[in-house]
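Beneath this line is the structure, given in C-alpha cells, with notes to follow.
Basis for what follows: all heavy atoms, side chains included, without hydrogens, waters or symmetry-related copies.
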Amino acid sequence: MKKSNISFLNNHTVFASGPRRAEFIDLKTKKRKIYSRVQRCNVTLKQYVILGTDKTLKIYNSQGKELYNEAGTLNYTISEQGQVFSLVESGGSHKILKWNGSAMKVLYSTVNKIVAMDLLEADRFIVLKEKADTNGKIRIAILRISDCKLFYNSQISLGEDQSVKVTEAGRSETFLIDIVARRAPEKVQQLEIWYGGDKYLRNKDQEWTEHQYIVWNVKNNQVRSIPHKAMQVFITTDNPRYFWTYNLREDNDYRGFRSLNIYRYDLLENKSELVFENASEMVIGKEARYTIGFLMYKNQWMVYDHLLEQTKIINYNTTLSYPIFMPDSSLLFTGEDQLINYHLETGVLKTVFKQENSKVSFHEYSGKMIHQMESFKITQRTIEVSQPLMLHITREDHNDSGYYSYYKGTIKEILPYSSNRIKMFLNKDQQDLIYAIEENYNLSPQMYSKSKSSGQKKVLYTTNLHDKEAIELNQDVISYTNSEGKYLKGVLYYPITFDKTKKYPLVVQVYSIQHDEFNKYLYPAWGASGFNIRLLLENGYMVFQPDIVSDSRGPGISALDCVHSGLDAIQGNVNIDFRRIGLTGHSFGGYETNFIATHSARFTTYVSGAGLSDIMNTYFSFNELFKIADYSRFETGQFSMGVPFSEDKDLYYRNNPINFMEKVNSPVLLWAGKKDTNIPPTQTLSFYMGLLRNRKKVVALMYADQEHTFKKDSEDIKDLNSKIMEWWDYHLKGRKDIGWIDKEMKRDAE
C-alpha cells in the first residue's frame, strides 16, 4: 500500500494515507478510491476527513460515501471524542464549525480574521487568535464549546513577533496565558566569551524565549500577571492558585542530564517554595493531591502532599521505577524482580509481587505527558478502578518472558513464558482472541491468534518465507561470572551450514548488556555501525556477544575482565579456532575495544568505530550533540566512574586507552564519521596517531559526510560493511588479495 497510516473504518473497509495522497479500500470488493492533492486527513468515528490543497474539507462514511463538504476551510482539529472542529472563511466572515458525526453546527462567526484556532486538552474550550484591528495586534479569545460563549479581555493580545500557549488550570475556567517572544541566537562573532559562572551553558547558540505569564479567570474576567525572572517557566496545576515553576539556569555544575529545582508558586501570596531539588522527573495522579519527584543525585523519590503542604522521602534499598498512582491512594513501582506498593497516607511500603531472577516491567503504559523540557518531564500516570495493568516478566534463569495482567493483587496469564520475542500483541477483555507478533533469531516475524478459552494458537501470517536458512541457525546462551563474581551471560552464534567437525574464526562484539536481544530475528542488512550478525554467519564466522558490566575498577578494566571471562566460558568449544579471534565495538563499544586492544593478547585483530581513545581529554569537553558537559558521562553516566577526575586521577589514568598505546600487538581498523558531534572524530585520529607513533599496524577510515552511525542505504554504509568484512577475511581467514589492506600490512616489505 506504501502508506504510513492505515485505519479500519469497519470490518472490511480501510482508509490509508501518506504524503499528499490517501486511499479508501474495500477489502471485499477490492475496489479503491484514490485521493490526491491531500493537505491533511484523519479517521474519526468510523468516518474519514480530508482537507484538500484547494481548502475543501470533505467528510466520508465507512462506505466511502461523501457526507459533507465545505469550501474555504483553513484548518481543522479533532477532539478525543471524535468531533471535528474546523476554521472556515466564507462570505467575508470567519467561522468555527463543529461536526458531531452527522451534522455541522456553527459555533462562532465573526467579520474579524481568525488567524488560528487551538482545541484545549479537555475538549471544553477553543483558543482563537483574531486580527481585530489594523494596528497589527492579535486578540486572544476563548470559546466555550458547550454554550458557544466567547471570552476576551483587552489586556491580552499579541504583537507580530509573539506566540501564545494557553493551558487550563484544572476545571476552574482559569487559564495560564504564556505569551512568548522568540529571539534568534546571537550571530557568532570573531570573539566568543565563555564564562566560568555560566548557568545557561546548555542554551548556548540556541534560540532564546522571553515569556509574559498571565492568569485569566474567564468566569469573572479577572486578569493577573505573574512576576517572573528571565528564563523562568510556569506550569499549571489543578488548583488555579498554585503553579509549578523552574528556571532554566543550572543550579548544579552540569554533572548529568537536565535536572531542575522545582518550586510551587502561590499566586495569591506571590511567593515560591522549593519542593523538589534537582528533580529529573515528576509524576502526578488524577486527583492531584500528591505529586512525586525523582531527586536525581539522591536517587530517591519524594512525595509532596498539596493538601498538607508537606514532603516525604520514600526510603527503599532498591531503585524504584515507573510509579503509577493507584485507585486506593497508593503508588505502584517496579523494582527489579518485584512490584512494590507505597501507601501515600501511611507511608507503608510492601512487596505485592516478586519473582526471583526475573525482571518485572509495565507493558506499554506511558501515561499522559503534561510537560517536557529536554530530559526533564512531568507525567500523569493513573490507573482507573476497573483497569488491570499489563506486566512483562522476563525470567533470566530460563531465557524467556511472558505477559500477565495485574489487578487488585492478582496475577493472570495473558501470554505464557516463551523463548520467542513478542514484538507486540493486542488483548481486549471482551474478546476471546489475542493477536500477537513474535520472532526469534531463527524465526522471522509471524502473526498469530490465540484463544483465551481453548488455548489454541493459529499462525495467520509469516514474513520472509524465502528465508529457509534462518531455520538452520543455532545459538548458545551461556551463563558465567567475571573475576568479581558478577553474574553475566553471553550469546554465541554458529554459522549457517555449520559443520560440527570444523573450526571457525570468531568475531566478538562488545557494548554493555547484550544477551537480552538473543531472540531478535537476524535480518541480513548493512549494519549502521558496520556490524551485522547475520552477514557474519552467512560468511562462515561464529559470533560472540558477552555482557559487560562496569564496577569500581573502571569501565575499561571491567570490560577487559568481562570479555576475558566470556572467552574463558567458551574455551571448551571445539568448533572455535582461538587463534583467529577478532574484537569489534562501536561508540561505547569502540572505547571498550580500544582499551582491550591495549591490554589483551587474545585477539588476532580489532575493529573500532567512533570510540573514545583519550577519556581525560573528553572529560573536559562539552558535548555538542546532547548539550551536556562530557564529564557527566564519566561520573554519573555510561562510564560509571562514580567520582570526578580531581578525586581519583589514577582511576581515570588506568582506564584511558591512549596511555597504553605501545602495548597493542595486533592490527587495528578504525573508522569514524567526520560529522560526528557525539564522539568527535579527533578521538579516532588520536588513537590512530598513537598507533602510528608506536609503529603499530593501523588503518583509519574517515567518512566525510557521515555522523555517529551511518545513513541507511547510503553508499558509505555499504562501503564500511564491505571493508570491515574484508578486514575480517584478511586477518581471520587468511585472504591476502585485498590491496587497501596489503598496503599497510606489507609496508615493511617495501
Original post:
Can you name the one residue among Lys33, Lys3, Lys31 that meets salt bridge (Lys or Arg N to Asp or Glu O under 4.0 Å) with Glu23?
Top reply: Lys3
**OP:** Nearest 0.5 Å please: distance from the CD1 atom of Ile50 over to the CD1 atom of Ile59.
**Re:** 10.5 Å
Subject >> Polar side chain donor-acceptor pair, Asn112 to Glu130, under 3.5 angstrom >> reply: yes
Subject >> Salt-bridge contact Asp26-Lys30 (side-chain N to carboxylate O under 4.0 Å) >> reply: no
**OP:** Test Ser587 against His708 for side-chain hydrogen bond (donor to acceptor under 3.5 Å, both in side chains), laying out the working first.
**Re:** CA-CA 8 Å; Ser587 191; His708 192 57; 2.8 Å; yes
Subject >> Heavy atoms of other groups near Lys105 NZ, more than 12 under 6.0 Å >> reply: no
**OP:** Please round to the nearest 0.5 Å and tell me the distance separating atom OG of Ser444 and atom CG of Leu465.
**Re:** 6.5 Å
**OP:** Apply the test salt bridge (Lys or Arg N to Asp or Glu O under 4.0 Å) to residues Glu384 and Lys286: give CA-CA distance (whole Å), side-chain angles for both, the deciding distance (0.1 Å), then the verdict.
**Re:** CA-CA 9 Å; Glu384 302 296 338; Lys286 190 173 183 180; 3.2 Å; yes
Original post:
Which value, rounded to the nearest 0.5 Å, describes the distance between Leu27 atom CG and Arg32 atom CZ?
Top reply: 9.0 Å
Original post:
For the residue pair Ala436 and Ile422, what are the closest heavy atoms and their distance?
Top reply: CB-CG2, 4.5 Å
**OP:** Return the minimal non-hydrogen interatomic distance between Thr677 and Asn623, and the atom names on each side.
**Re:** O-OD1, 3.8 Å
Original post:
Quick one: are the ring centres of Tyr35 and Tyr60 less than 6.0 Å apart?
Top reply: yes
Subject >> His94 side chain to Ser109 side chain, donor-acceptor N/O pair below 3.5 angstrom >> reply: no
Original post:
Take atom NZ in Lys723; do more than 12 heavy atoms of anything else shown fall under 6.0 Å from it?
Top reply: yes
Original post:
How about Ile145 and Leu119: do any of their side-chain heavy atoms sit closer than 4.5 Å?
Top reply: yes
**OP:** Look up atom OG in Ser17 and atom CG in Asn42, then write down how far apart they are to the nearest 0.5 Å.
**Re:** 8.0 Å
Original post:
Step by step, would you call Lys95 with Leu107 a side chain to side chain contact (heavy atoms under 4.5 Å, CB included)?
Top reply: CA-CA 7 Å; Lys95 302 174 184 178; Leu107 299 182; over 6 Å; no
Original post:
Does the side chain of Ser451 pick up a donor-acceptor pair with the side chain of Asp432 at under 3.5 Å?
Top reply: yes
Original post:
Which pairs with one or both residues in residues 116-129 pass salt bridge (charged side-chain N to carboxylate O under 4.0 Å, His left out), sequence neighbours excluded?
Top reply: Glu121-Lys368, Arg124-Glu168
**OP:** Evaluate the criterion side chain to side chain contact (heavy atoms under 4.5 Å, CB included) for residue pair Thr56 and Thr73; output intermediate values, then yes/no.
**Re:** CA-CA 6 Å; Thr56 298; Thr73 302; over 6 Å; no
Subject >> Test of ring centre spacing under 6.0 Å for Tyr404 and Tyr417 >> reply: yes
Original post:
Around atom CD of Gln372, are there more than 12 heavy atoms of other residues, nucleotides or ligands at under 6.0 Å?
Top reply: yes
Original post:
Should the heavy atoms of other residues, nucleotides or ligands under 6.0 Å from CG of Asn11 be counted, would the total exceed 12?
Top reply: no
Subject >> Within 45° cone of Tyr322 ring axis and under 6.0 Å: Arg381 NZ or CZ >> reply: yes
Subject >> side-chain contact (heavy atoms from CB on, under 4.5 Å) partners for Ser102, two or more places apart >> reply: Asn100
**OP:** Scan Lys423, Lys520, Lys450, Lys457 and name whichever one has a salt bridge (Lys or Arg N to Asp or Glu O under 4.0 Å) with Glu438.
**Re:** Lys457
Subject >> Mutual orientation of the aromatic rings belonging to Trp671 and Phe710 [parallel < 30°, tilted 30-60°, perpendicular > 60°] >> reply: perpendicular
**OP:** Indicate whether the side chain of Asn427 and that of Tyr435 have a donor and an acceptor atom separated by less than 3.5 Å.
**Re:** no
Subject >> Ion pair Glu707/Lys675, N-O distance below 4.0 Å >> reply: no
Original post:
Any cation-pi pair here, Lys458 with Tyr448, using under 6.0 Å and within 45°?
Top reply: no
Original post:
Is the Tyr403 ring parallel, tilted or perpendicular to the His363 ring (thresholds 30°, 60°)?
Top reply: perpendicular
**OP:** Over all heavy atoms of both residues, which pair between Arg182 and Thr209 is shortest? Give the atoms and the distance, please.
**Re:** NH1-CG2, 3.2 Å
Original post:
Roughly how far apart are Thr584 OG1 and Ile724 CD1, rounded to 0.5 Å?
Top reply: 6.0 Å
Subject >> Any side-chain heavy-atom pair of Leu473 and Ile496 under 4.5 Å >> reply: yes
Original post:
Can a donor-acceptor pair be found between the side chains of Glu70 and Tyr68 at a distance below 3.5 Å?
Top reply: yes
Subject >> Pair Phe175 + Phe125: ring centers closer than 6.0 Å >> reply: yes
Original post:
Where do Asp716 and Gln706 land on the side-chain hydrogen bond (donor to acceptor under 3.5 Å, both in side chains) test, with the steps shown first?
Top reply: CA-CA 8 Å; Asp716 285 343; Gln706 298 299 328; 3.0 Å; yes
Subject >> Lys/Arg N to Asp/Glu carboxylate O, Lys452 vs Glu413, below 4.0 Å >> reply: no
**OP:** Measure centre to centre between the rings of Tyr76 and Phe85, then say whether the value is under 6.0 Å.
**Re:** no
**OP:** For the pair Lys711 (side chain) and Asp705 (backbone), establish whether a donor and an acceptor sit closer than 3.5 Å, ignoring hydrogens and angles.
**Re:** yes
Subject >> Minimum-distance pair of heavy atoms, taken over all atoms of Met725 and Leu535 >> reply: CE-O, 3.8 Å
Original post:
Does NZ or CZ of Arg421 lie under 6.0 Å from the centre of the six-membered ring of Tyr521, at an angle within 45° of the ring axis?
Top reply: no
Original post:
If you round to the nearest 0.5 Å, how far is NE2 of His371 from CD1 of Ile378?
Top reply: 5.5 Å
Subject >> Step-by-step side-chain hydrogen bond (donor to acceptor under 3.5 Å, both in side chains) determination, Asn10 to Thr13 >> reply: CA-CA 6 Å; Asn10 56 35; Thr13 59; 2.8 Å; yes
Subject >> Trp526 side chain near Ser722 side chain, heavy-atom distance below 4.5 Å >> reply: yes
Original post:
Got Ile628 and Arg258 here, is their nearest side-chain heavy-atom distance under 4.5 Å?
Top reply: no
**OP:** Please examine the side chains of Met117 and Thr77, heavy atoms only from C-beta on, and report whether any two atoms are closer than 4.5 Å.
**Re:** yes
**OP:** Might you confirm whether atom CE of Met373 has over 12 heavy atoms from other residues, nucleotides or ligands at distances under 6.0 Å?
**Re:** yes
**OP:** Check the pair Asn440 / Asn519 against side-chain hydrogen bond (donor to acceptor under 3.5 Å, both in side chains), numbers first and verdict last.
**Re:** CA-CA 4 Å; Asn440 212 317; Asn519 52 7; 5.3 Å; no
Original post:
Does Phe24 have its ring centroid less than 6.0 Å away from the ring centroid of Phe15?
Top reply: no
**OP:** Kindly give the heavy-atom pair with the smallest separation between Asn532 and Pro524, and that separation in Å.
**Re:** OD1-CA, 3.9 Å
**OP:** Check the surroundings of atom CD in Gln431: do more than 12 heavy atoms from other residues, nucleotides or ligands lie under 6.0 Å from it?
**Re:** yes
Subject >> For Ser4 against Gly18, the heavy-atom pair lying closest together >> reply: OG-CA, 4.2 Å
